[in-house]
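Numbers for residues simply follow the sequence, beginning at 1. Keep in mind that what you see is a predicted model, and the values were worked out from it rather than measured.
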Amino acid sequence: MKNITNAVRLHLNKRESFFGVPLYILGMGAVISVVIALTFQRFGSEPGTPDYIEGAQANGGLVWAVTGYLGYYGVQSVATTFPFALALGTTRRAYVAGTAIANALLAGYITAVLAVLLGLELLTDHWFFGLYLTDVMWLGYGNVGWLITIAFLGLFSVLSLGGLFAAAWVRFGSKGSIALALILGLLLAVALLVFAPNLIDIIAGFRPWMGVLAAVLAAGLSVTGTWLLMRRAAVR
């Protein structure tokens, strides 16, 4: 247990990357969303109308911005801390477990920030001028329970997937991460080919629990894959 705790603390030592940068990115995404919302309003879009709300709730600015950063963070956190962890005497199993816990803490931290933003957004009637940041379809249409579930599992799965790519790099070098990307891309292409005739119906019938299930599977497979790769990875 001590080794796992040490691995968690190793990740938490990057305080700026862990606590600060996600807030900067959320702030930047919010500023961009404000500019876009005001631009549409200047062109005649009227806040509160059904068409305006439907379009505004498609805003995924905050979601995609922080997701992109966490994908990068998941890669670099594993790639840079793995040698130090082993040098400090942490076992590979403990390191993978500690990394998963650290990822869960980071996902929980950002989820809490998003939940607070949703509360403020609803309390101020969408920031007093029809701005939709967290009351969007990507985060459960203003339902705090769905936001917490979707955000936490989604962010954790992205972090875990980033760690899997880092583990492939640590194990096999650049060829490993490239091969993993090709394999995942091929699987996605095959899935699209198989489901293409029914894709519109699948999208129309999509339910939030399906996304939750997909995130759980992605996170579980990523953590398992990271452990399998790390078992024989050389310390670089």
Side-chain angles (χ1 to χ4, degrees), residues 15-76 106-159 161-162 181 185 188 192 196 199-212 214-215 218:
R15 295 181 181 178
E16 182 73 10
S17 299
F18 198 95
F19 296 105
V21 176
L23 295 183
Y24 305 153
I25 291 175
L26 289 174
M28 181 177 64
V31 170
I32 294 173
S33 294
V34 168
V35 172
I36 293 174
L38 291 176
T39 300
F40 276 107
Q41 291 178 26
R42 289 282 292 175
F43 276 107
S45 295
E46 185 177 346
T49 61
D51 288 341
Y52 180 90
I53 294 174
E54 181 180 359
Q57 288 189 317
N59 176 23
L62 292 190
V63 175
W64 303 130
V66 76
T67 297
Y69 169 71
L70 292 185
Y72 153 79
Y73 179 86
V75 172
Q76 67 88 25
L106 179 53
Y109 165 63
I110 298 175
T111 298
V113 173
L114 292 173
V116 170
L117 288 176
L118 176 61
L120 292 174
E121 184 167 319
L122 297 178
L123 183 65
T124 59
D125 192 19
H126 301 94
W127 310 103
F128 303 109
F129 68 99
L131 176 64
Y132 286 73
L133 292 177
T134 50
D135 179 10
V136 294
M137 65 179 185
W138 310 103
L139 295 173
Y141 286 107
N143 183 305
V144 66
W146 275 119
L147 180 144
I148 291 172
T149 303
I150 293 170
F152 177 78
L153 291 176
L155 297 175
F156 179 71
S157 64
V158 170
L159 285 163
L161 184 60
L188 179 60
L192 288 175
L199 191 59
I200 295 178
D201 293 334
I202 292 173
I203 295 174
F206 181 82
R207 296 294 181 271
W209 67 265
M210 299 178 184
V212 170

(message) Tell me if a side-chain donor or acceptor on Tyr52 pairs with a main-chain N or O of Gly130 at a distance below 3.5 Å.
(response) yes

(message) I'd like to check Val158 versus Tyr73 (side-chain heavy atoms, cut-off strictly below 4.5 Å). Are they in contact?
(response) no

(request) Return yes if some donor-acceptor pair links the side-chain N/O of Glu121 with the main-chain N/O of Leu133 below 3.5 Å, else return no. (result) yes

(message) Quick check on Tyr109: does its OH atom have over 12 non-hydrogen neighbours (other residues, nucleotides or ligands) under 6.0 Å away?
(response) yes

(message) Using the side-chain contact (heavy atoms from CB on, under 4.5 Å) definition, which of the options Thr134, Ile148, Ile150 pairs with Leu114?
(response) Thr134

(request) Can you label the angle between the Phe156 ring and the Phe152 ring as parallel, tilted or perpendicular, going by 30° and 60°? (result) parallel

(request) Just say parallel, tilted or perpendicular for the rings of Trp138 and Trp64, cut-offs at 30° and 60°. (result) perpendicular

(request) Please state whether the rings of His126 and Tyr132 are parallel, tilted or perpendicular, taking 30° and 60° as the class boundaries. (result) parallel

(message) Taking OH in Tyr72 as the centre, count heavy atoms belonging to other residues, nucleotides or ligands within less than 6.0 Å. Is the count above 12?
(response) no

(message) If I compare all heavy atoms of Asn59 with all of Ser33, which pair ends up nearest, and what's the gap?
(response) ND2-OG, 3.3 Å

(message) If you compare all heavy atoms of Trp146 against all heavy atoms of Gly140, which two are closest, and at what distance to 0.1 Å?
(response) CB-CA, 4.0 Å

(message) Minimum heavy-atom separation for Leu159 and Ala107, please, with both atom names.
(response) CD1-N, 4.3 Å

